[in-house]
Each structure stands twice: as C-alpha cells, then as structure tokens.
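The structure appears below as structure tokens.
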Protein chains: 2
Amino acid sequence: MECKSLKAHFSRYVDLTSSELTLICENYQQKNVAKGEYILRNGEICRFEGFVVSGCFKIYMIDMHGNEKILYFAAEDWWIMEIDSFTNQIGSSLNVQAIEDSAILFITKTAKERLYEELPKVERLFRIMSQKAVVAWQRRLVRNHTMNAEQRYHHFVTSYPDIAMRVTNKQIASYLGITQEFVSKIRKKRLKKK
Amino acid sequence: MECKSLKAHFSRYVDLTSSELTLICENYQQKNVAKGEYILRNGEICRFEGFVVSGCFKIYMIDMHGNEKILYFAAEDWWIMEIDSFTNQIGSSLNVQAIEDSAILFITKTAKERLYEELPKVERLFRIMSQKAVVAWQRRLVRNHTMNAEQRYHHFVTSYPDIAMRVTNKQIASYLGITQEFVSKIRKKRLKKK
DNA sequence: TCAATTTATTGAACTAGTTCAAGAATTTTA
DNA sequence: TAAAATTCTTGAACTAGTTCAATAAATTGA
C-alpha cells in the first residue's frame, strides 16, 4: 500500500527500520472521504485514528450556544483523532468533517492495540508525538492570551498560508475565536496597508 | 523512599505490579523547594521531570510585553516539566517557581531514558498521560473561546477550589487571561448575588 | 445556467474587558 | 513590630471586539 507520507512522518520522531515501518503501515487502510462527509460526529465512539494523505478536514465542537467552534484544521500530514473517545471508547465531543475531497489512512482500535504489543517502539512514537502536541496546545493558549485578534490572524495566515487559502474566513474566525465580521475588518485594514 | 502518591498516580493509568512500581520510583529523588525558589527558568535547559508531593508551583511564560502569563498551577499530584526543553535539551520557554514551601519527586533525563529502556511499560504510561494532557489543553482552549471572563472565573473556582484558595487573585487573573482589576469586579458582583 | 444558499463586507450602536490612577488592605521583610 | 512592598478594590474614561441588519459576492445545486 502507498503510505509514503505516513512513513516519512513517523521517521521524523523515532528511528525505524524499513521493515518496522512496513509492519506499522500494514495496519493502516486507505479511505476516500468526499467533501462534506463526516468521519466522526459528536456522541459517536471514535473507532479509528486517521492520518490525512490529501485534502483537508475541520475538527470542531458545538459550544453551549450552539455555535461551531473549530479546534483545528487537518490537511496533509496531520492527524485526525479524538484521543479521549478512541482510547476510552466513550462518546466523542468532537466532529470531524471533510472540507475538501480527501484521502486518509486509518487504523482501528484493535489493530492499534495489537501494534503497541507487537512493536513497543510504537508506544514511544506516539508518546513523543503526544508530547509535541501538548507543547503546541500550550503555545496556542499563550498566543490567545498575549496577542490580540489582528495579531492572531496575522500569525495564522503567515504560519499556515496553505491552510489559510483553502478555508473560508468564517472558518478562520471560528478557529481564532473571533467573529466573521471582525475578520473582515482586519482584512480590510491589512489590504489598505499594502 | 516515600513515594506513595506517585505510585498511586501511575496506577491510575497503567496496571503495574508492586515491583514495577518500586523499580520506577527508585529513579525519583525527593527535594524540598522553598517558597519563591525557581526550579526552572526561561532559557535554561530542563534537566529533570518533577512531580509535586506537597506545596504549589506556578508555571509561567513572559509574554512579548514583559508580562507574566501563568500557564497552569501545579499542586499535589501534578507534574512540573517543560517537555520540549527536557526531551530535546533546548532552552526552556517556561519558568517554574514555588509559590509555597514545597516538596517534589524528580527524575533526571538520564534516569528517565534508562527507565524507558528497562521497562517499556513506562513508555505506555507517559504516552497515556500525555494524551490525557492533550485533551485537557484542547478543552481549556474551547472554554476560552466559548466562555466569558466571569464564566471562566466561576469554572476555575468551582473546578479547582483548593488551588483558588491558595493563589492570589492576580495569579488567577493571569491564568484566566484577564486583568487583576476585572477579577476584582467579578468577585464583587458574585458576592452581591449571595 | 439560473436559482438558492452561504459567505463576505460594511456601518452604526453597543458591551465586555482594559487602562490608569489612587487609596485600602494584606503580606513580606528586617 | 514597624516599614516596605505587594496586592486588592473602586471608579472613570476608553477600546477591542460584538451584535445586528442590510447589501454584495461567491458558491452550490438541480
């Protein structure tokens, strides 16, 4: 199976022989997901862990006011999973929806568990990736506390220019925790400057 | 060595025999930290991973305006570490300071690495704990996006009543990402209601 | 291809939270 | 135990960001 990008991704974190990489990747299956399709809905139990090969997803929550709050976007080389729901087989609090025609590689819970047993290095791999994720979430929280909306918008479009071009302003607003209208005003101000 | 609370903490995540627990805990050393003392400063390389036995710490960053931004408080049974700095031996972006006379159990990088080799279950343990941490940071971000300052204050004091009583309002304000003055106004409003 | 729907823009009125300043209360230090 | 330092409180003026409403632009669907 074609799983080059996943192999490259894993190799960034842990040294793996090519037979180890093959063993790991044998557990992943490819799946195409059409734009608009959900691969996980709030309340469902997450039975897979996915890696984006192509396309883009939004991962969001519905807040207490019924509004969609985008937690993050997942394009090529990003993970889509609801760790809590996947590990503990409890209802998911997140929704994962394709915002482009996409392809993912996914692994089931059973296969993942077998893989952890078969190859303990996989524990290390996911430990390291999770620790990286913690750092990233901490940094995002600090950015939210120290930067104003305009600075956060600027940070987003310069840090993730590819994503910024592929998603709507409304979605960027939701991700940044501000209103669509305010994003529009920020953009107007930025256009003037140039 | 006395390391009951650490053993109990580990046992919550992975099933470990008492000899495994003992093996793990042999790698931890106890240390007393006086109020005000730093166990890690911005720029230093984090050479340990700590677990709070008693007392309380604040983990904070200095933002672009020179202001202290508290990322979290760590009291009994919480971890104090700078994952990024510890794992990659790069300069820390965080400061960790005792805000009460405290005692911690800590492990050095060398001991931690040996432990991962000796007992692969430790990889799993820290993988699971990191994954829990990711979920917690995600939830906090969503709370920041969906709740106003008053609701966040309320959430904090009801979720962590013990911490709320031990830290100053200024510190709570920093943790919540609002001003000290506004916390004062929220408190006034809440007192009136009762 | 055209109608329907969603998204983007704009402005005016508003509000949650900030800033500044000054005095009161508490904590720390010597 | 007094002096010094920090924290807390309060009010007035301000501002970043919201809300609402209406129109324009873009996207989607049959």
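Worth saying up front: this structure is predicted, and the values here are computed from it rather than measured.
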Discussion item. Angle between ring planes, B/Phe156 versus B/Tyr160, binned at 30° and 60°: parallel, tilted or perpendicular?
Written reply: tilted

Discussion item. If I take atom CD in residue B/Gln180 and atom C1' in nucleotide C/dA21, what distance separates them, rounded to the nearest angstrom?
Written reply: 14 Å

Practice prompt. Round to a whole Å and report the spacing from CG of B/Asn148 to P of C/dC14.
Written response: 20 Å

Response to the item:
Which of C/dT18, C/dA8, D/dA16 is nearest the side chain of A/Phe182? It is D/dA16

Discussion item. Side chain of A/Lys188 only, heavy atoms from C-beta on: which candidate in C/dT7, C/dG11, C/dG17 is closest?
Written reply: C/dG11

Discussion item. Nearest to the A/Arg187 side chain among D/dT9, C/dT9, D/dT18, which nucleotide is it?
Written reply: C/dT9

Practice prompt. In whole angstrom, give the distance that lies between atom CZ of A/Arg152 and atom P of D/dG17.
Written response: 7 Å

Fill in: Ion pair A/Glu123/B/Arg124, N-O distance below 4.0 Å
yes

Practice prompt. Check the distance between D/dA16's P and A/Ile186's CD1 and give it to me in whole angstrom.
Written response: 11 Å

Item to complete: Could you please name the option among D/dA16, D/dT28, D/dT10 that lies closest to any side-chain atom of A/Lys35?
Response: D/dT28

Discussion item. I'd like to know if A/Lys109 pairs up with A/Glu113 as an ion pair, taking the criterion as any Lys NZ or Arg NE/NH1/NH2 lying under 4.0 Å from an Asp or Glu carboxylate oxygen.
Written reply: yes

Discussion item. Whole angstroms only, please: what is the CD-P distance between A/Gln171 and C/dT7?
Written reply: 8 Å

Worksheet item: Is the phosphate of D/dT18, meaning OP1 or OP2, less than 4.0 Å from a side-chain N or O of A/Thr179?
Response: yes

Item to complete: Report the distance from atom CE of A/Met147 to atom C1' of D/dA16, rounded to the nearest whole Å.
Response: 16 Å

Response to the item:
Atom CG of B/Asn144 and atom C1' of C/dG17 are separated, to the nearest Å, by 14 Å

Response to the item:
Taking D/dC20, C/dG17, D/dC8 as options, the one with an atom nearest any side-chain atom of B/Lys170 is D/dC8

Discussion item. Base, sugar-phosphate or nothing for B/Thr168? Non-hydrogen atoms, less than 4.0 Å.
Written reply: sugar-phosphate

Worksheet entry | Any B/Asn169 side-chain nitrogen or oxygen under 4.0 Å from OP1 or OP2 of D/dT9 | yes

Worksheet item: Is the closest basic N to carboxylate O distance between B/Glu68 and B/Lys58 below 4.0 Å?
Response: yes

Worksheet item: When you check the gap from the basic side-chain N to the acidic O, do A/Arg139 and B/Asp84 get nearer than 4.0 Å?
Response: yes

Fill in: Residue A/Glu181, side-chain heavy atoms: nucleotide from D/dT10, D/dT19, C/dA8 that is nearest
D/dT19

Worksheet, complete the sentence: Of the listed C/dA12, C/dT18, C/dT28, the closest approach to the B/Ile178 side chain comes from C/dT18

Item to complete: Round to the nearest Å and state the distance from B/Leu176 atom CG to C/dG17 atom C1'.
Response: 13 Å

